[in-house]
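Worth saying up front: this structure is predicted, and the values here are computed from it rather than measured. FYI, the numbering just counts along the sequence from 1.
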Amino acid sequence: MSPATAAWTVEGDALALGPLQLALQRIALSHWRAGERLRSWGTAPLARERGRLCLPCAGDEALWLGAWVEEGEARVRLIDPLSGGEASLVLPRDYQLAALADLAGTPQPLTLAAGGAARRLRLELDCGGSRAVIELLLLAPAAWAARCGRPAPPPLDEPPPLPPRLG
């Protein structure tokens, strides 16, 4: 039996499919490193248009996807239909998707397309027998603000935030 296509929601700036939660995080492109645990410089605001999520992404920043599941297992797959790049993770073991592997297997950051053009990605979610396929549309902040009627997030022109204090 194939999984059912399920309704997904946006709660604040997080995407939810049953017990699966995802938030797209911002990081200055100069601080993005392939294969490293990335820190968030803040969540990217989400704007829903039917089966699509629109996200702002400045030319000097990258996005990464943080995911968690309240119970059970989930699978997340991100695909760039134009380049063929893709990445996936399995929860609860994995939690961060920060790059797409290009055809040569080299990790590439989640950024706007060349020249700052909009970029379309496909997000496939599978959790507890429910599935969803969502288009992610990355837009320059001014284009995102005009399209979504919300203010663009501030630029990432400050030093990176300090890690949380423990203890």
Find the distance between CG (Leu24) and CG (Leu110) and round it off to the nearest 0.5 Å.
8.0 Å
Determine whether a donor-acceptor pair (N or O, by modelled atom type, separation under 3.5 Å) exists between the side chain of Asp126 and the backbone of Ala74.
no
Connected via hydrophobic side-chain network under 4.5 Å: Leu65 and Val10
yes
Under a single-linkage definition using a 4.5 Å side-chain heavy-atom cutoff for Ile, Leu, Val, Met, Phe, Trp and Tyr, are Leu97 and Ile79 assigned to the same hydrophobic cluster?
no
Measure the shortest side-chain to side-chain distance between Leu63 and Leu138 over non-hydrogen atoms and say whether it is less than 4.5 angstrom.
yes
With a 4.5 Å heavy-atom cut-off, do Pro19 and Trp68 have their side chains touching?
no
Taking the side chain as C-beta and beyond, is there a heavy-atom pair between Leu123 and Leu125 under 4.5 Å?
yes
Mind checking the CG-CD spacing from Leu103 to Gln108? Nearest 0.5 Å is all I need.
10.5 Å
Which distance, rounded to the nearest 0.5 Å, do you find between the SG of Cys54 and the CG of Leu46?
9.5 Å
Kindly say whether Arg147 contributes a backbone atom to a donor-acceptor pair with the side chain of Arg150 at under 3.5 angstrom?
no
CA sep, side-chain torsions, deciding dist, call: Arg77, Glu86, salt bridge (charged side-chain N to carboxylate O under 4.0 Å, His left out)
CA-CA 7 Å; Arg77 186 170 174 223; Glu86 66 177 77; 3.1 Å; yes
So which atom in Trp32 and which in Ala99 form the shortest heavy-atom distance, rounded to 0.1 Å?
CZ2-CB, 3.6 Å
Taking the side chain from Arg119 and the backbone from Thr111, do they hold a donor-acceptor pair closer than 3.5 Å?
yes
Where do Arg50 and Trp8 come nearest, in terms of heavy atoms and distance?
O-CZ2, 3.7 Å
Whether Asp102 side chain and Thr106 backbone form a donor-acceptor pair below 3.5 Å
yes
Arg122 and Val133, any side-chain heavy atoms less than 4.5 Å apart:
yes
Ignoring hydrogens and geometry, is there a side-chain-to-backbone donor-acceptor pair from Thr9 to Glu11 under 3.5 Å?
no
Within the 4.5 Å heavy-atom criterion, are Leu53 and Leu137 side-chain neighbours or not?
no
Rounded to the nearest 0.5 Å, how far apart are CZ of Arg75 and CG of Leu89?
10.0 Å
Passes side chain to side chain contact (heavy atoms under 4.5 Å, CB included), Arg37 versus Tyr95? Steps please.
CA-CA 10 Å; Arg37 184 174 171 176; Tyr95 69 93; 3.0 Å; yes
Do Trp64 and Leu22 sit in one hydrophobic cluster, given that two such residues count as connected whenever their side-chain heavy atoms are within less than 4.5 Å of each other, even indirectly?
no
Would you check if Arg26 and Pro153 make a side-chain contact, meaning some heavy-atom pair closer than 4.5 Å?
yes
Could you see if Leu139 belongs to whatever hydrophobic cluster contains Leu121? Use Ile, Leu, Val, Met, Phe, Trp, Tyr and a side-chain cutoff under 4.5 Å.
no
For Glu71, which residues count as a salt bridge (Lys or Arg N to Asp or Glu O under 4.0 Å) partner, sequence neighbours excluded?
none
Rounded to the nearest 0.5 Å, how far apart are CG of Leu55 and CG of Leu112?
10.5 Å
Is the side chain of Gln25 donor-acceptor paired with the backbone N or O of Ala44 at a distance under 3.5 Å, no angle test?
no
Could you measure the distance from the CG atom of Leu100 to the CG atom of Leu78? Nearest 0.5 Å is fine.
5.0 Å
